Amino acid sequence: MLLPVAGMLKAQSNLPADKNADPKTIALYHNLQKLRQKGIMFGHQDDLAYGVGWQYENGRSDVKDVTGDYPAVYGWELGRIEIDQPQNLDGVPFDLMKKFIREGYERGGVITISWHLNNPLTGKSAWDPAPGTVASVLPGAAKNELYKSWLDKVADFMLSLKDKNGDPIPVIFRPFHELNGSWFWWGKNHCPADELMQLYRFTETYLRDVKNVHNLLYAFNTDRFSSEAEYLERYPGDEYVDVIGFDIYQRGTDNAKFIDETGKSLTTLEKIATGKNKIPALTEFGYSGLPDPTWWTNVLLKAVQPHHISYMLAWRNAGKKTDGSEEFYIPYKGQASAGDFILFYKSKRTLFESDIAKEKLYR
Ligand code: BMA
(Lines give C-alpha, C1' and ligand atoms only; values in the text may rest on other atoms or scores of the structure.)
Protein backbone atom coordinates (compact mmCIF):
# COMPACT_ATOMS: atom_id res chain seq x y z
CA MET A 1 0.00 0.00 0.00
CA LEU A 2 1.25 3.50 -0.82
CA LEU A 3 1.38 5.69 2.25
CA PRO A 4 1.47 9.47 1.98
CA VAL A 5 4.89 10.80 3.05
CA ALA A 6 3.69 12.11 6.41
CA GLY A 7 2.12 8.73 7.20
CA MET A 8 5.32 6.95 6.23
CA LEU A 9 7.40 9.12 8.51
CA LYS A 10 4.98 8.51 11.34
CA ALA A 11 5.02 4.74 10.82
CA GLN A 12 8.83 4.78 10.81
CA SER A 13 9.16 6.90 13.91
CA ASN A 14 6.78 4.54 15.64
CA LEU A 15 9.23 1.65 15.45
CA PRO A 16 11.68 0.74 18.20
CA ALA A 17 15.41 1.45 17.91
CA ASP A 18 15.78 -1.85 16.07
CA LYS A 19 13.83 -1.19 12.87
CA ASN A 20 13.91 -4.95 12.13
CA ALA A 21 12.64 -5.96 15.55
CA ASP A 22 10.56 -9.15 15.68
CA PRO A 23 6.77 -8.65 15.49
CA LYS A 24 6.17 -9.48 19.17
CA THR A 25 8.93 -7.06 20.20
CA ILE A 26 7.30 -4.31 18.14
CA ALA A 27 3.95 -5.19 19.73
CA LEU A 28 5.47 -4.94 23.20
CA TYR A 29 6.99 -1.56 22.33
CA HIS A 30 3.60 -0.15 21.34
CA ASN A 31 1.74 -1.76 24.22
CA LEU A 32 4.17 -0.44 26.82
CA GLN A 33 3.36 3.07 25.63
CA LYS A 34 -0.38 2.40 25.73
CA LEU A 35 -0.38 0.69 29.12
CA ARG A 36 1.19 3.76 30.76
CA GLN A 37 -2.25 5.32 30.73
CA LYS A 38 -3.67 2.47 32.86
CA GLY A 39 -1.06 2.15 35.56
CA ILE A 40 2.49 1.34 36.55
CA MET A 41 3.67 -2.25 36.25
CA PHE A 42 5.42 -3.67 39.29
CA GLY A 43 8.61 -5.63 38.72
CA HIS A 44 11.07 -7.60 40.82
CA GLN A 45 14.62 -8.77 40.13
CA ASP A 46 15.24 -12.56 40.27
CA ASP A 47 11.68 -12.99 41.54
CA LEU A 48 11.19 -16.64 40.54
CA ALA A 49 14.68 -17.84 41.45
CA TYR A 50 14.84 -17.14 45.17
CA GLY A 51 13.54 -15.01 48.01
CA VAL A 52 14.32 -14.44 51.66
CA GLY A 53 14.99 -17.90 53.13
CA TRP A 54 14.32 -20.00 49.98
CA GLN A 55 15.82 -20.88 46.61
CA TYR A 56 14.53 -22.60 43.47
CA GLU A 57 11.11 -23.75 44.62
CA ASN A 58 8.83 -24.33 41.68
CA GLY A 59 6.30 -21.51 41.22
CA ARG A 60 7.42 -19.63 44.33
CA SER A 61 7.91 -15.86 44.47
CA ASP A 62 8.08 -13.51 47.46
CA VAL A 63 5.69 -11.16 45.64
CA LYS A 64 3.22 -14.05 45.26
CA ASP A 65 3.72 -15.30 48.83
CA VAL A 66 2.56 -11.90 50.11
CA THR A 67 -0.03 -10.74 47.54
CA GLY A 68 -1.18 -13.99 45.90
CA ASP A 69 -0.13 -12.56 42.53
CA TYR A 70 3.09 -12.52 40.51
CA PRO A 71 4.84 -9.31 39.46
CA ALA A 72 4.17 -7.89 35.99
CA VAL A 73 7.86 -7.38 35.20
CA TYR A 74 10.71 -9.81 35.81
CA GLY A 75 14.30 -8.59 36.02
CA TRP A 76 17.25 -10.92 35.30
CA GLU A 77 21.00 -10.44 35.19
CA LEU A 78 23.69 -11.78 32.83
CA GLY A 79 26.91 -10.93 34.72
CA ARG A 80 29.52 -13.72 34.22
CA ILE A 81 27.90 -15.11 31.07
CA GLU A 82 30.83 -13.39 29.33
CA ILE A 83 33.34 -15.65 31.06
CA ASP A 84 31.41 -18.85 30.35
CA GLN A 85 30.29 -19.41 33.93
CA PRO A 86 27.24 -21.68 34.30
CA GLN A 87 25.80 -19.28 36.93
CA ASN A 88 25.54 -15.50 37.07
CA LEU A 89 27.30 -13.35 39.66
CA ASP A 90 24.43 -13.90 42.09
CA GLY A 91 24.49 -17.68 41.70
CA VAL A 92 21.53 -18.08 39.31
CA PRO A 93 22.23 -20.85 36.75
CA PHE A 94 21.69 -19.52 33.22
CA ASP A 95 19.73 -22.61 32.15
CA LEU A 96 17.27 -22.13 35.02
CA MET A 97 17.10 -18.41 34.23
CA LYS A 98 15.92 -19.26 30.71
CA LYS A 99 13.19 -21.47 32.15
CA PHE A 100 12.06 -18.69 34.53
CA ILE A 101 12.09 -16.17 31.67
CA ARG A 102 9.80 -18.43 29.63
CA GLU A 103 7.47 -18.93 32.61
CA GLY A 104 7.11 -15.22 33.30
CA TYR A 105 6.61 -14.42 29.64
CA GLU A 106 4.01 -17.18 29.12
CA ARG A 107 2.03 -15.65 31.99
CA GLY A 108 1.97 -12.41 30.04
CA GLY A 109 4.79 -10.71 31.96
CA VAL A 110 7.57 -8.43 30.74
CA ILE A 111 11.25 -9.41 30.86
CA THR A 112 14.11 -6.98 31.46
CA ILE A 113 17.79 -7.95 31.64
CA SER A 114 20.78 -6.13 33.11
CA TRP A 115 24.47 -7.03 32.70
CA HIS A 116 27.10 -6.41 35.39
CA LEU A 117 29.82 -7.51 33.01
CA ASN A 118 33.39 -7.95 34.20
CA ASN A 119 36.06 -5.42 33.36
CA PRO A 120 37.41 -6.60 29.97
CA LEU A 121 40.74 -4.84 30.48
CA THR A 122 41.65 -6.25 33.90
CA GLY A 123 39.46 -9.36 34.10
CA LYS A 124 38.18 -8.17 37.47
CA SER A 125 34.54 -7.38 38.28
CA ALA A 126 32.21 -4.68 36.92
CA TRP A 127 33.17 -2.64 39.98
CA ASP A 128 36.83 -2.37 38.90
CA PRO A 129 37.08 1.11 37.40
CA ALA A 130 40.52 0.80 35.75
CA PRO A 131 41.24 3.90 33.68
CA GLY A 132 40.97 3.40 29.92
CA THR A 133 38.65 0.38 30.04
CA VAL A 134 35.92 1.87 27.85
CA ALA A 135 38.46 3.10 25.27
CA SER A 136 40.06 -0.37 25.23
CA VAL A 137 36.90 -2.11 23.94
CA LEU A 138 36.01 0.32 21.15
CA PRO A 139 36.66 -0.75 17.52
CA GLY A 140 40.37 -0.90 16.70
CA ALA A 141 41.43 -0.98 20.36
CA ALA A 142 43.18 -3.84 22.19
CA LYS A 143 40.13 -5.43 23.84
CA ASN A 144 37.60 -5.01 21.04
CA GLU A 145 37.88 -8.63 19.88
CA LEU A 146 37.50 -9.87 23.45
CA TYR A 147 34.49 -7.62 23.96
CA LYS A 148 32.91 -8.88 20.73
CA SER A 149 33.37 -12.46 21.95
CA TRP A 150 31.49 -11.44 25.12
CA LEU A 151 28.69 -9.93 23.05
CA ASP A 152 28.53 -13.20 21.07
CA LYS A 153 27.60 -14.94 24.33
CA VAL A 154 24.95 -12.35 25.18
CA ALA A 155 23.58 -12.75 21.64
CA ASP A 156 23.44 -16.55 22.00
CA PHE A 157 21.52 -16.17 25.24
CA MET A 158 19.03 -13.66 23.82
CA LEU A 159 18.52 -15.72 20.64
CA SER A 160 17.89 -18.86 22.68
CA LEU A 161 14.85 -17.29 24.38
CA LYS A 162 11.89 -18.77 22.51
CA ASP A 163 8.23 -19.06 23.47
CA LYS A 164 6.06 -22.17 23.05
CA ASN A 165 5.40 -21.25 19.41
CA GLY A 166 9.12 -20.91 18.73
CA ASP A 167 8.89 -17.11 18.52
CA PRO A 168 11.63 -14.99 20.14
CA ILE A 169 10.76 -13.72 23.62
CA PRO A 170 11.05 -9.91 23.73
CA VAL A 171 13.46 -8.49 26.32
CA ILE A 172 14.13 -4.96 27.55
CA PHE A 173 17.95 -4.99 27.60
CA ARG A 174 19.50 -2.50 30.04
CA PRO A 175 23.26 -2.40 29.49
CA PHE A 176 25.64 0.09 31.19
CA HIS A 177 23.14 1.03 33.87
CA GLU A 178 23.82 3.79 36.44
CA LEU A 179 26.29 5.30 33.99
CA ASN A 180 26.37 8.71 35.66
CA GLY A 181 27.72 7.10 38.84
CA SER A 182 31.36 6.06 39.15
CA TRP A 183 31.21 2.60 40.75
CA PHE A 184 31.29 0.63 37.46
CA TRP A 185 34.11 0.69 34.88
CA TRP A 186 31.73 2.44 32.43
CA GLY A 187 30.97 5.13 35.02
CA LYS A 188 31.19 8.86 34.67
CA ASN A 189 34.64 9.49 36.16
CA HIS A 190 36.26 6.74 34.12
CA CYS A 191 35.48 7.77 30.55
CA PRO A 192 34.49 10.88 28.60
CA ALA A 193 30.80 11.11 27.58
CA ASP A 194 31.66 10.53 23.95
CA GLU A 195 33.34 7.18 24.69
CA LEU A 196 30.35 5.92 26.65
CA MET A 197 28.05 6.86 23.79
CA GLN A 198 30.31 5.01 21.35
CA LEU A 199 30.32 1.96 23.63
CA TYR A 200 26.52 1.95 23.86
CA ARG A 201 26.09 2.38 20.10
CA PHE A 202 28.72 -0.24 19.27
CA THR A 203 27.12 -2.77 21.62
CA GLU A 204 23.67 -2.29 20.15
CA THR A 205 24.80 -2.21 16.51
CA TYR A 206 26.85 -5.38 16.99
CA LEU A 207 24.01 -7.32 18.62
CA ARG A 208 21.47 -6.12 16.11
CA ASP A 209 23.30 -5.93 12.79
CA VAL A 210 26.12 -8.46 13.17
CA LYS A 211 24.45 -11.03 15.44
CA ASN A 212 20.90 -10.48 14.11
CA VAL A 213 19.35 -10.25 17.54
CA HIS A 214 15.91 -8.73 16.99
CA ASN A 215 14.06 -9.41 20.22
CA LEU A 216 15.47 -6.49 22.20
CA LEU A 217 14.20 -3.12 23.26
CA TYR A 218 17.02 -0.96 24.60
CA ALA A 219 16.89 0.81 27.95
CA PHE A 220 19.17 3.72 28.78
CA ASN A 221 19.49 4.35 32.48
CA THR A 222 21.27 6.57 34.95
CA ASP A 223 21.44 6.56 38.71
CA ARG A 224 19.80 9.45 40.65
CA PHE A 225 20.28 12.74 38.77
CA SER A 226 19.51 16.39 39.35
CA SER A 227 18.71 17.94 35.98
CA GLU A 228 17.65 17.19 32.41
CA ALA A 229 21.13 18.21 31.22
CA GLU A 230 22.78 15.77 33.61
CA TYR A 231 20.39 13.00 32.57
CA LEU A 232 21.17 13.50 28.88
CA GLU A 233 24.90 14.10 29.16
CA ARG A 234 25.76 10.53 28.11
CA TYR A 235 22.60 9.68 26.15
CA PRO A 236 23.64 7.80 23.00
CA GLY A 237 20.86 9.22 20.78
CA ASP A 238 17.15 8.73 20.11
CA GLU A 239 17.80 6.15 17.41
CA TYR A 240 19.47 3.83 19.96
CA VAL A 241 17.01 4.00 22.83
CA ASP A 242 13.47 2.75 23.58
CA VAL A 243 13.13 2.95 27.35
CA ILE A 244 14.61 5.69 29.53
CA GLY A 245 14.95 5.28 33.25
CA PHE A 246 16.92 5.82 36.39
CA ASP A 247 17.73 3.86 39.56
CA ILE A 248 17.06 5.23 43.02
CA TYR A 249 17.34 3.76 46.52
CA GLN A 250 16.20 5.21 49.81
CA ARG A 251 19.06 5.34 52.30
CA GLY A 252 18.17 6.44 55.81
CA THR A 253 14.84 7.40 57.30
CA ASP A 254 14.10 10.68 55.51
CA ASN A 255 10.90 9.68 53.69
CA ALA A 256 10.06 13.22 52.60
CA LYS A 257 13.43 13.55 50.89
CA PHE A 258 12.91 10.29 48.96
CA ILE A 259 9.40 11.29 47.87
CA ASP A 260 10.61 14.69 46.77
CA GLU A 261 13.68 13.53 44.90
CA THR A 262 11.98 10.58 43.21
CA GLY A 263 8.98 12.70 42.25
CA LYS A 264 11.09 15.50 40.76
CA SER A 265 13.24 13.06 38.82
CA LEU A 266 10.15 11.28 37.46
CA THR A 267 8.74 14.62 36.32
CA THR A 268 11.96 15.36 34.42
CA LEU A 269 12.06 11.83 33.02
CA GLU A 270 8.47 12.05 31.77
CA LYS A 271 9.19 15.39 30.14
CA ILE A 272 12.20 13.92 28.30
CA ALA A 273 10.16 10.83 27.37
CA THR A 274 7.34 12.93 25.92
CA GLY A 275 9.76 15.07 23.89
CA LYS A 276 11.60 12.05 22.51
CA ASN A 277 8.72 9.58 22.27
CA LYS A 278 10.44 7.14 24.69
CA ILE A 279 9.06 4.87 27.39
CA PRO A 280 9.87 6.14 30.92
CA ALA A 281 10.49 3.67 33.75
CA LEU A 282 11.88 3.45 37.25
CA THR A 283 14.47 0.86 36.26
CA GLU A 284 15.54 -0.03 39.85
CA PHE A 285 14.41 1.09 43.27
CA GLY A 286 14.41 -0.07 46.84
CA TYR A 287 14.74 0.55 50.54
CA SER A 288 16.92 -2.28 51.78
CA GLY A 289 15.53 -4.20 54.74
CA LEU A 290 12.22 -2.26 54.64
CA PRO A 291 12.34 -1.01 58.24
CA ASP A 292 9.34 1.31 57.71
CA PRO A 293 6.07 -0.71 57.94
CA THR A 294 4.13 1.77 55.78
CA TRP A 295 6.85 2.54 53.22
CA TRP A 296 4.83 1.20 50.27
CA THR A 297 1.75 3.41 50.54
CA ASN A 298 3.19 6.24 52.56
CA VAL A 299 6.40 6.75 50.60
CA LEU A 300 6.80 4.87 47.32
CA LEU A 301 3.20 5.17 46.15
CA LYS A 302 3.16 8.87 47.00
CA ALA A 303 6.30 9.37 44.91
CA VAL A 304 5.18 7.43 41.83
CA GLN A 305 1.39 7.69 41.61
CA PRO A 306 1.16 11.06 39.85
CA HIS A 307 3.43 9.78 37.07
CA HIS A 308 2.68 7.84 33.90
CA ILE A 309 5.71 5.62 33.82
CA SER A 310 5.72 2.12 32.36
CA TYR A 311 7.14 0.11 35.23
CA MET A 312 9.10 0.15 38.46
CA LEU A 313 11.54 -2.66 39.26
CA ALA A 314 12.35 -3.57 42.87
CA TRP A 315 15.82 -5.06 43.32
CA ARG A 316 16.52 -8.60 44.46
CA ASN A 317 15.50 -10.42 47.64
CA ALA A 318 18.95 -11.86 48.24
CA GLY A 319 18.23 -12.61 51.92
CA LYS A 320 21.30 -13.54 53.99
CA LYS A 321 24.46 -13.14 51.93
CA THR A 322 27.77 -14.95 52.36
CA ASP A 323 29.28 -11.90 54.10
CA GLY A 324 26.54 -12.10 56.78
CA SER A 325 24.64 -9.01 55.60
CA GLU A 326 20.97 -9.15 54.56
CA GLU A 327 19.53 -7.65 51.40
CA PHE A 328 15.87 -7.52 50.32
CA TYR A 329 13.59 -4.91 48.76
CA ILE A 330 10.14 -6.44 48.85
CA PRO A 331 8.54 -8.02 51.92
CA TYR A 332 8.33 -11.75 52.53
CA LYS A 333 5.43 -13.25 54.54
CA GLY A 334 5.52 -11.82 58.06
CA GLN A 335 7.97 -8.99 57.26
CA ALA A 336 7.06 -5.65 58.87
CA SER A 337 5.85 -4.01 55.63
CA ALA A 338 3.94 -7.04 54.25
CA GLY A 339 0.48 -5.68 55.18
CA ASP A 340 1.22 -2.34 53.59
CA PHE A 341 2.57 -4.05 50.47
CA ILE A 342 -0.87 -5.66 50.06
CA LEU A 343 -2.47 -2.19 50.16
CA PHE A 344 0.08 -1.03 47.59
CA TYR A 345 -0.78 -4.09 45.48
CA LYS A 346 -4.48 -3.19 45.67
CA SER A 347 -3.93 0.41 44.55
CA LYS A 348 -5.50 1.21 41.17
CA ARG A 349 -2.19 2.73 40.06
CA THR A 350 -0.15 -0.48 40.40
CA LEU A 351 -0.31 -3.34 37.92
CA PHE A 352 0.68 -6.92 38.71
CA GLU A 353 0.46 -10.09 36.66
CA SER A 354 -3.29 -10.53 36.95
CA ASP A 355 -3.82 -6.95 35.72
CA ILE A 356 -1.60 -7.20 32.68
CA ALA A 357 -2.14 -10.77 31.45
CA LYS A 358 -5.42 -9.64 29.90
CA GLU A 359 -3.65 -6.77 28.12
CA LYS A 360 -1.91 -9.23 25.75
CA LEU A 361 1.26 -7.18 25.52
CA TYR A 362 2.71 -9.26 22.69
CA ARG A 363 -0.15 -8.79 20.23
C1 BMA B 1 23.80 -5.34 43.76
C2 BMA B 1 23.66 -6.30 44.92
C3 BMA B 1 24.69 -7.37 44.74
C4 BMA B 1 24.54 -8.02 43.36
C5 BMA B 1 24.52 -6.99 42.25
C6 BMA B 1 24.26 -7.58 40.89
O7 BMA B 1 22.94 -4.26 43.89
O8 BMA B 1 22.36 -6.86 44.92
O9 BMA B 1 24.52 -8.34 45.76
O10 BMA B 1 25.59 -8.93 43.14
O11 BMA B 1 23.55 -6.02 42.55
O12 BMA B 1 23.01 -8.21 40.81
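Note that the structure is predicted; figures quoted are calculated from it, not measured. Whatever order the structure lists them in is the order used to number ligands and atoms, beginning at 1.
With hydrogens and angles left out, the side-chain atoms of T294 and D340 include no donor and acceptor closer than 3.5 Å. Side-chain contact check for Y50 and R316: at least one donor-acceptor pair (N or O, by modelled atom type) lies under 3.5 Å.
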N or O contacts of ligand 1 with protein under 3.5 Å, please list pair by pair.
{"from": "ligand 1", "atom 1": "7 (O)", "to": "W315", "atom 2": "NE1", "distance (Å)": "3.1"}
{"from": "ligand 1", "atom 1": "8 (O)", "to": "W315", "atom 2": "NE1", "distance (Å)": "3.0"}
{"from": "ligand 1", "atom 1": "8 (O)", "to": "R316", "atom 2": "NE", "distance (Å)": "2.9"}
{"from": "ligand 1", "atom 1": "8 (O)", "to": "E327", "atom 2": "OE1", "distance (Å)": "3.1"}
{"from": "ligand 1", "atom 1": "8 (O)", "to": "E327", "atom 2": "OE2", "distance (Å)": "2.8"}
{"from": "ligand 1", "atom 1": "9 (O)", "to": "R316", "atom 2": "NH2", "distance (Å)": "2.7"}
{"from": "ligand 1", "atom 1": "9 (O)", "to": "K321", "atom 2": "NZ", "distance (Å)": "3.2"}
{"from": "ligand 1", "atom 1": "9 (O)", "to": "E327", "atom 2": "OE1", "distance (Å)": "3.4"}
{"from": "ligand 1", "atom 1": "10 (O)", "to": "D90", "atom 2": "OD1", "distance (Å)": "2.5"}
{"from": "ligand 1", "atom 1": "11 (O)", "to": "W315", "atom 2": "NE1", "distance (Å)": "3.2"}
{"from": "ligand 1", "atom 1": "12 (O)", "to": "D90", "atom 2": "OD2", "distance (Å)": "2.6"}

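Applying the salt bridge (Lys or Arg N to Asp or Glu O under 4.0 Å) test to pairs two or more places apart or on separate chains, those with a residue in residues 33-61 are K38-E359, E57-R60, R60-D65.
Taking the six-membered ring for Trp and the full ring otherwise, Y231 and F246 have centroids separated by 6.0 Å or more.
Checked against ring pair (Phe, Tyr, Trp, His ring centres under 6.0 Å), Y70 has no partners two or more places apart in sequence or in another chain. Contacts of F328 classified as ring pair (Phe, Tyr, Trp, His ring centres under 6.0 Å), with partners at least two apart in sequence or in another chain: Y332.
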